[in-house]
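Each ligand, and each atom within it, is numbered from 1 in the order the structure gives. The structure presented is a predicted model; accordingly, all values stated were derived computationally and were not measured. Positions are given from 1 along the sequence.
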Amino acid sequence: MPANILATNRISLFLIFLYLSLLLLRRQHQRKYNIFSFKSYIFALQNESARKYVLHRKRVEMKLGIRPILDAGRPKVYIETYGCQMNVNDSEVILSILQDEGYALTENIEEASIILANTCSIRDNAEQRIWGRIEQFRLQKRKRDGVIIGIMGCMAERLKDKLLEGKVVDLVAGPDSYRNLPEMIREIKAKQEPQMHVQLSKDETYAEISPVRLDKNGISAFISIMRGCNNCCSYCVVPYTRGPERSRDPFSIVREAEEVYANGYKEVNLLGQNVDKYFWKDLEDADHTVNFAQLLEMVAKVDPGMRVRFSTSYPSDISDEVIETMARYDNICKHIHLPVQSGSDHMLEKMRRKYNREWYLNRVDKIREVIPDCGITTDVIAGFCGETEQDHKDTLSLMEQVGYDSAFMFAYSNRPGTLASRKYEDDIPYEVKTARLNEIIALQNRMSLKSNERELGKIVEVLVEGPSKRNPEQLCGRASNNKMCVFPNGGHKVGDYVMVKVESCTSATLICSLV
Ligand code: SAM
Ligand code: SF4
């Protein structure tokens with residue numbers, strides 16, 4: 001063969017080899033970074049958040065500790081957390097920030113140099129509990145010099161300097177102020193003066209802070225995917241205490257999921273006030289966006305052995321794409337928490353919820369059509385302003401029509417500053433509210449039992465959480481649809497998946513045998 005043809009063949013072979021190698025490399029990167037399109041891939045190589053994500057992968061690979069540092073030599077911080085899962089995750093962020101400042105966690109308030117309460121304002125009784133605790137913190141202050149008492153979170157944001165009036169609290173920090181804590185603590189020590197920071201932010205998501213995990217069992221971790229809320233349900237204080245809605249960059253969310261999975265966790269809970277509104281847009285490339293369904297898929301792909309849960313869904317925003325994504329991935333748990341609040345169109349309108357009864361029931365039908373075994377749970381408020389007996393009956397009938405698996409049920413609590421508080425009279429007498437709430441609870445208990453009876457004979461996969469509370473000889477864990485199962489201890493460990501058969505039930509628990 002002439003030399004020039006031989007050389008051309010060699011060059012062609014080399015080019016083909018180079019092309020295939022590049023394809024392979026791209027595929028590996030796409031898998032590694034959860035990036036699917038070529039454009040996104042190029043973007044990921046250039047983008048700042050993607051670079052941070054790559055750095056964080058190093059942390060994951062090194063399995064850096066994500067549990068509290070329990071170092072006897074460090075000054076101690078004690079944290080009490082009230083309210084929702086989001087507050088639990090915020091306490092984990094707070095601890096992470098304070099650990100970097102040299103503090104270590106203690107569960108013994110008597111040895112703490114900083115005592116923090118991460119608070120909730122959603123109902124009046126939540127705030128009353130905190131006022132009671134502040135009085136008890138006063139005793140700690142009397143016992144030891146230099147103890148710093150801090151109020152964090154929603155109550156700090158709502159009441160601001162009112163919390164300083166009793167001369168017990170030294171530190172008031174709203175939900176977007178936690179990065180300022182080290183400086184505030186230094187200022188308190190230097191000036192012996194209380195410090196307050198309650199500025200809400202349009203973009204704070206604490207994206208790159210790795211929370212120090214505070215859960216007990218080490219298998220289920222909370223991950224905040226967004227903060228704040230742009231809805232304005234007339235009864236709700238959250239938009240005022242937690243500020244506007246903002247979505248966290250998806251790379252940092254996937255990174256955090258990988259981090260907990262690498263540290264032995266088997267389940268992540270993606271948290272937001274309205275997860276269906278999750279929407280991230282790259283500021284450098286407006287065409288690169290991620291919605292909640294796409295985020296769910298990215299997180300589900302971290303590992304098929306890692307379960308994914310999320311909360312809370314909003315009835316007018318939950319999309320077919322989200323429901324279909326759930327159906328496509330076995331590791332996305334088949335449970336949707338879909339708060340209805342009321343079954344009466346008149347009340348829903350007054351509550352400024354953005355759906356009516358018919359819309360809500362259609363969404364439930366869609367969920368059941370795509371995911372027949374999906375657990376559906378809800379939140380209900382009894383005795384909202386002007387609620388008639390008929391409105392209340394509409395709530396009961398809707399609950400029966402849906403047949404919820406379980407529910408969180410509340411008596412309406414007037415929150416100063418909200419639209420309802422300004423516009424409507426809190427006119428349902430306490431006794432009537434309580435009677436209606438009790439009726440709602442009794443109905444839900446019957447429905448929970450019925451829902452559990454429908455599980456009898458089924459074989460389900462359970463993630464072991466630990467010993468059963470009632471009978472430590474037995475183990476307990478949740479099925480994908482969020483039902484709590486109790487079963488004999490077959491030598492399984494916390495974090496194992498176990499197949500069990502539902503033999504009997506109560507309204508709260510499925511009693512199972514091993515299969
Ligand atoms: N973002 C979620 C949603 O809209 O469904 C719920 C968030 S909120 C922290 C949790 C629940 O508290 C609400 O669903 C509602 O049932 C209840 N809630 C909120 N404000 C309330 C109030 N003023 N009185 C009684 N219950 C209230
Ligand atoms: Fe409150 Fe409504 Fe936002 Fe939920 S969606 S946090 S109830 S304002």
Mark yes or no: Arg129 above the aromatic ring of Tyr82, with NZ or CZ under 6.0 Å from the six-membered ring centre and no more than 45 degrees from the axis. no
Between Asp330 and Arg307, is the closest basic N to carboxylate O distance under 4.0 Å? no
Atom 3 (Fe) of ligand 2 to nearest N/O/S of Cys229 below 2.8 Å: yes
Checking the N or O distance criterion of under 3.5 Å, is ligand 1 in contact with Ser413? yes
Heavy-atom proximity to atom 3 (C) of ligand 1 ranks first, among Met351, Arg242, Arg353, for Arg353
Give yes if a backbone or side-chain nitrogen or oxygen of Tyr235 is under 3.5 Å from a nitrogen or oxygen of ligand 1, and no if not. yes
NZ or CZ of Lys277 within 45° of Tyr314 ring axis and under 6.0 Å: no
Which is closest to atom 1 (N) of ligand 1 by heavy-atom distance: Gln341, Gln273, Arg415, His337? Gln273
Any salt bridge between Arg67 and Asp215, counting N to O under 4.0 Å? yes
re atom 1 (Fe) of ligand 2, the protein heavy-atom contact at minimum distance is Cys236 SG, 2.3 Å
Closest non-hydrogen protein atom to atom 5 (O) of ligand 1, residue and atom name please, with distance? Pro339 CG, 2.9 Å
Decide whether the shortest distance between a heavy atom of Ala411 and an atom of ligand 1 is less than 4.0 Å. yes
Proximal ligand 1 atoms for Thr312, defined as those under 4.0 Å from one of its heavy atoms: 2 (C), 5 (O)
Has Ile122 got any heavy atom lying under 4.0 angstrom from an atom of ligand 1? yes
Closer than 3.5 angstrom, by distance alone: can the side chain of Thr81 be matched with the main-chain N or O of Asn87 as a donor-acceptor pair? no
Please work out, at 4.0 Å between heavy atoms, whether the side chain, the backbone, both, or neither of Pro239 comes within that distance of ligand 2. side chain
Of all the non-hydrogen atoms in the protein, which one sits nearest to atom 26 (N) of ligand 1, and at what distance? Arg123 NH1, 3.2 Å
Tell me: protein heavy atom nearest atom 11 (C) of ligand 1, and distance? Asp379 OD2, 3.4 Å
Side-chain ion pair, Lys450 and Glu400, N-O less than 4.0 Å: no
So that I know where these two stand, are Tyr412 and Tyr235 an aromatic pair - ring centroids less than 6.0 Å apart? no
Shortest protein contact, atom 2 (Fe) of ligand 2 (heavy atom only): Cys233 SG, 2.3 Å
For atom 6 (S) of ligand 2, what's the nearest protein heavy atom and its distance? Gln273 OE1, 3.4 Å
Any Arg242 heavy atom less than 4.0 Å from ligand 2: no
Report the part of Val238 in contact with ligand 2, treating N, CA, C, O as backbone and CB onward as side chain, heavy atoms under 4.0 Å; options are side chain, backbone, both, neither. side chain
More than 12 heavy atoms from other groups under 6.0 Å of NZ on Lys458: yes
Identity and distance of the protein heavy atom lying nearest atom 5 (S) of ligand 2: Asn231 ND2, 3.4 Å
Taking atom types as modelled and ignoring hydrogens, do the side chains of Gln390 and Asp394 form a donor-acceptor contact shorter than 3.5 angstrom? yes
Are the charged groups of Arg227 and Asp90 less than 4.0 angstrom apart, N to O? yes
Residues Lys433, Glu387: salt bridge by 4.0 Å N-O rule: no
Residues Lys483 and Glu455 bridged, charged N to O under 4.0 Å: no
Would you mind checking which non-hydrogen protein atom is closest to atom 7 (S) of ligand 2, with the distance to 0.1 Å? Tyr235 OH, 3.4 Å
What atoms in ligand 2 come closer than 4.0 Å to a heavy atom of Arg353? 2 (Fe), 7 (S)
